[in-house]
Amino acid sequence: MIARASQLFLPTLRDAPADAEAASHKLLVRAGYVRQVGAGLWTYLPLGWTVHRKIEQIIREELGAIGAQELLAPVLTPVELWEATGRDKIPEIFHVTDRAGRRFVLPLTHEETITFHAREIRSYRELPQLWYHFQIKDRDEPRPRGGLLRVREFIMKDGYSFDRDEESAFASFEKNRVAYHRIFERCGVEAHEVRAESGIMGGELTFDFLAPSGSGENTLVRCERGDYAADAEIARGIPRTPEFPETLAAPEEIETPGVTTCEALAAFLGIDVAATTKAMPVTTDDGRVVLALIRGDDRLSESKLLSALRSGSRPSTDDEIRGAFGASGGSLGPVGFNGEVVADETLRTGQFVAGANRDGWHLRGVEAGRDYEPQFADLREPIEGDRCPECGGALTFETAIEVGHIFYFAGKYSTPLGATFLDEDGQEKPLLGGSYGIGPGRVIAAIVEQKHDDQGIVWPRSVAPYDVHLVVLKGAEEIGEEAAAALDGAGLDVLLDDRDLRPGEKFADADLIGVPVRVTAGRKSLEDGMVDLRDRASGEERRVKVADLGKEVG
RNA sequence: CGGGACGUAGCUCAGCCUGGUCAGAGCGCCGCCUUUGGGAGGCGGAAGCCGUCGGUUCGAAUCCGACCGUCCCGACCA
C-alpha cells in the first residue's frame, strides 16, 4: 500500500501544545496522530487510528490463539443492569435519559452487559466461554490528564471468561495472563505484571500490567534482581531496622512542648525517627474512630488501610479526635485509647516513642502487646531504601502507566444477575467470571513514552503506521516512484512524502512521525540509481539499489 | 471537590500592572520570484466580536463581578 503525504490529513506541528507535559502527549499531537476535542476527549487522526488498529490486530490474534471469541456489545446500557449489581451508584458513571424518561448508563466497563448475555449459558457442556470486544467506555473522571494517559472516553479491549469451577476459571485466567505478556511483547512495550490492589474486595485475584514511563499515575516497585514487582499502593518493602534507645520496664511520660511532628520529636529527643510512631486517626464509613499507627518515618498507604479496615475511611476531624483521645493531633498515641488500634507490622517488636494523649507530652518505651493491644496489618507505603521482600535486594521505584488489568471475581456479577448454569451433578450454580482489560490508547502512550528521542517518536515495527517512510526530494520523482513500487511490491506499507517541501522539513517530519525505516530518493539517486536507507532508531544509513529495496527492508 | 494558573490569528506568545495611534510578533496559511540532501530568502496577501455575559467609565483586550472552558497539584480512580 502506498499513501501519498500530499493527500493525507497529517497536520504536523513545529510546537507542542503549551499545556502538554508528558512526552507522549506532546509528540502524538505534534506528529499529527491525535487531537484534543475537550478535557479527556480525543480524536485519533488517520495515523493515530492506524496505530490503534495495529494494536487491536495484535490483540485479536493473541486472543484468537487462546480461543477467545470477539463480539460487540452496545455502549448505551439500561440502568437496570447496573442497579442489579449496585454499580449504578459509582460516581464516575454518566447517566442519560431518553425522551420517554427511560434511564441508561454509559458503561465504565461491560461486566453487566456481558453477564446479561451469559444468562443464555445453560449447561456445563457449554463451558468454558471466553468473549471479548473492543468498545467505547465512558467515565466521568474528575480529572483527565496527560493527553492519552487518563481520558473520559476511550476504547477498551475487555474480555470476559465464564467457567464452571475454580480450577477451570483459574485456567482461563492463566490463559489470558500469558496472552497479555505476548501482546505487550509484540507491541514492543515493556510491561510488568504486578499483583494489583484488591482494595475493599480483599482476596480477589488481580494483576496489573504496568509499563514504566516518564509520566503516569502508578508507581512500579521492582527488585533490582528481578524477583519482585508490585504497584506501590500494595507493595511490601523491608524497612531498615530502627536504632532503639534503651529499653524501659514501663512507659514513661516526657514533656515535649510544641513538638507535633515525628521529625521534630526525634530531633528533640535525639533519637532515630524510626523509633517513633505516627498516629493517624481515621473515621470509618460507619462512624467509628480508629487509630492507624505507623512508624515515624513511614507514610500510610490508603489502599492498605482500606484492606485492613474492610471499610472506607477518612481522616478524623479535630472535634472527633478531641472527643476520642482528649488531645489534639501531634500528641496522639495508642496507650489509654479505648478504641480500635491498627498498627503496622513494623511496630510488632521494639519500644517506640508515642503520643501520650495529653497535649505537649509523649510516652517513651511504648511496646505493642504490653502497653496496648493492636490489630497488626501491613499499612506502610514502601519507600526508597527498602529491601526486596523476596531476596533482600534493593528496590527501585518508577512511574508507570497501567496498560492492562486482569481480574478474577467468581460470582460477583453472575449471582446478582442470575447467570447460572446446570452442572453435571444437576445443581444450578453461578457462572464463575473473570475480566481482562487492555487500553490500546494507553498502550500507544506507553510505547511513545518508552520509545522516543529528541526528534520524535521511534515506533516498533509491529505497531508503526507504515513500514517505510519514503522521502522523495525534488528532481528524483521518477526514481522515487520506482522505489515506492518496489516496496509496495514486497508487501510493505509505504508513506510516500511527495509534498513540495524542502528536504529539511521532510526529514524533520519523518523523524517526528517515527516510521522505523526511512528511504530517501534524491539527486544522488539520479547518478547511481540507489537510495538511502536509514534506521530511525539507530540512525544508521546505507545506500541500496532500488531493486533490492523489498528484501533490504522486508 | 479543595488549591493554583491560564483563555488575544491555525500554533507559540507579547500587550493588561499604569484604560485612549493597541489589534501585534514569530511560525503556519495563500500568490509570485528565487532556492532545494536537515525546518532557506524576498515581495505581496488573507486571517482575531482580545472565552461569554454583565458592571465601572466619555472611552475597556486592559479595571471589577459572575459564568464557561483548559491545564497543573491534591482528593478520587470500576
Side-chain angles (χ1 to χ4, degrees), chain A residues 11-22 25-26 29-30 32 35-42 77 82 85-94 105-113 137-147 149-152 154 156 158 196-201 204 206 208 215-218 231 233 302-303 306 312-315 402 405 407 409 412-413 435 437 439 442 454-456 471-477 480 497 499-513 518-527 530-532 534 539 541 543:
Chain A
T12 57
L13 300 173
R14 211 176 266 246
D15 300 312
D19 50 33
E21 298 201 342
H25 183 183
K26 288 183 189 166
V29 171
R30 279 191 60 208
R35 284 293 184 268
Q36 183 166 15
V37 178
L41 300 175
W42 290 83
T77 309
W82 287 67
T85 59
R87 294 212 296 176
D88 60 311
K89 299 294 189 299
I90 293 171
E92 280 76 23
I93 296 183
F94 280 108
V105 303
L106 306 180
L108 315 170
T109 171
H110 277 78
E111 276 83 10
E112 280 80 358
T113 307
K137 312 298 178 219
D138 288 281
R139 300 180 180 188
D140 189 0
E141 295 288 354
R143 190 181 157 205
R145 71 182 90 183
L149 259 33
R150 186 170 201 77
V151 295
R152 293 197 292 180
F154 63 101
M156 178 189 255
D158 42 324
E197 182 185 2
S198 54
I200 195 165
M201 306 305 179
E204 288 174 336
T206 173
D208 270 340
S215 306
E217 305 201 298
N218 296 69
D231 188 299
E233 290 197 335
E302 290 179 28
S303 42
L306 183 69
S313 61
R314 56 168 173 80
E402 180 189 334
H405 194 162
F407 217 94
F409 45 68
K412 181 176 170 191
Y413 299 97
S435 68
R442 280 195 174 170
D454 292 345
Q455 309 309 312
V471 174
V472 178
L473 302 180
K474 203 162 184 89
E477 288 81 4
D497 192 348
R499 298 174 299 175
D500 184 20
L501 294 178
R502 302 174 59 82
E505 297 175 78
K506 294 190 173 194
F507 292 141
D509 268 356
D511 289 343
L512 184 60
I513 291 165
R518 188 182 86 192
V519 169
T520 306
R523 181 183 287 159
K524 288 188 289 184
S525 309
L526 300 178
E527 296 160 14
M530 296 173 82
V531 291
D532 291 298
R534 182 186 171 96
E541 194 160 335
R543 286 186 77 69

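In what follows, chains carry the letters A, B, and so on, assigned in the order in which the sequence lines appear, proteins first and then strands, with residues in each chain numbered from 1. Since the structure is predicted, the reported quantities are computational estimates derived from the model, not experimental observations. Just so it is clear, the values below take in all heavy atoms, side chains as well, and ignore hydrogens, waters and symmetry mates.
For A/Arg35 against B/G10, no side-chain N or O and base N or O form a donor-acceptor pair under 3.5 Å.
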Tabulate protein N/O versus nucleotide N/O from nucleotides 70-72 of chain B, keeping only pairs under 3.5 Å, one per line.
| residue | atom | partner | partner atom | Å |
| --- | --- | --- | --- | --- |
| B/U70 | OP1 | A/Ala39 | N | 2.8 |
| B/U70 | O2' | A/Asp19 | OD2 | 3.4 |
| B/C71 | OP1 | A/Gln36 | NE2 | 2.9 |
| B/C72 | OP1 | A/Gly146 | N | 3.4 |

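In this structure, A/Ile93 places its CD1 atom 14 Å from P of B/C77, rounding to the nearest Å. Separating the CG atom of A/Asp15 from the P atom of B/G26 is a distance of 15 Å, rounded to the nearest angstrom. One interatomic measurement links the two molecules: CG of A/Leu149 to P of B/C77, which rounds to 19 Å at whole-angstrom precision. Atoms CZ (A/Phe507) and P (B/G38) sit 7 Å apart, rounded to a whole Å. If you measure from atom NZ of A/Lys524 to atom C1' of B/U36, you get 14 Å, rounded to the nearest angstrom. Protein atom CG of A/Leu473 is 17 Å distant from nucleotide atom P of B/U35, rounded to whole Å. Taking atom CG of A/Asp500 as the reference point, atom P of B/C29 lies 11 Å away to the nearest angstrom. To the nearest angstrom, C1' of B/U36 lies 13 Å from CG of A/Leu526.
Among the nucleotides B/C77, B/G38, B/A75, the one closest to the side chain of A/Arg534 is B/G38. Side chain of A/Pro503, nearest nucleotide from B/G37, B/C11, B/C76: B/G37. Comparing B/U36, B/G38, B/A75 by their nearest atom to the side chain of A/Asp511 picks out B/G38.
Remark: A/Arg499 engages A/Asp509 in a salt bridge, criterion side-chain N to carboxylate O under 4.0 Å.
Relative ring orientation between A/Tyr413 and A/Phe409 is described as perpendicular, the plane-to-plane angle rising above 60° on a 0-90° scale split at 30° and 60°.
When the salt bridge (Lys or Arg N to Asp or Glu O under 4.0 Å) test is applied to A/Arg534, the partners found at least two apart in sequence or on another chain are A/Glu541. For A/Asp500, the salt bridge (Lys or Arg N to Asp or Glu O under 4.0 Å) criterion is met by A/Lys474, not counting sequence neighbours. Qualifying salt bridge (Lys or Arg N to Asp or Glu O under 4.0 Å) partners for A/Lys26, counting only residues two or more places apart in sequence or in other chains: none. When the salt bridge (Lys or Arg N to Asp or Glu O under 4.0 Å) test is applied to A/Glu141, the partners found at least two apart in sequence or on another chain are A/Arg150.
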Q. How does protein reach along nucleotides 39-46 of chain B, written 5' to 3' as B (base within reach of a heavy atom under 4.0 Å), S (only sugar-phosphate), or - (no contact)?
A. BB------

Q.
Pair A/Glu111, A/Arg87 - check salt bridge (Lys or Arg N to Asp or Glu O under 4.0 Å), show working.
A. CA-CA 10 Å; A/Glu111 276 83 10; A/Arg87 294 212 296 176; 3.0 Å; yes

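Partner assigned to B/A66 is B/U52, using Watson-Crick or G-U wobble distances below 3.5 angstrom.
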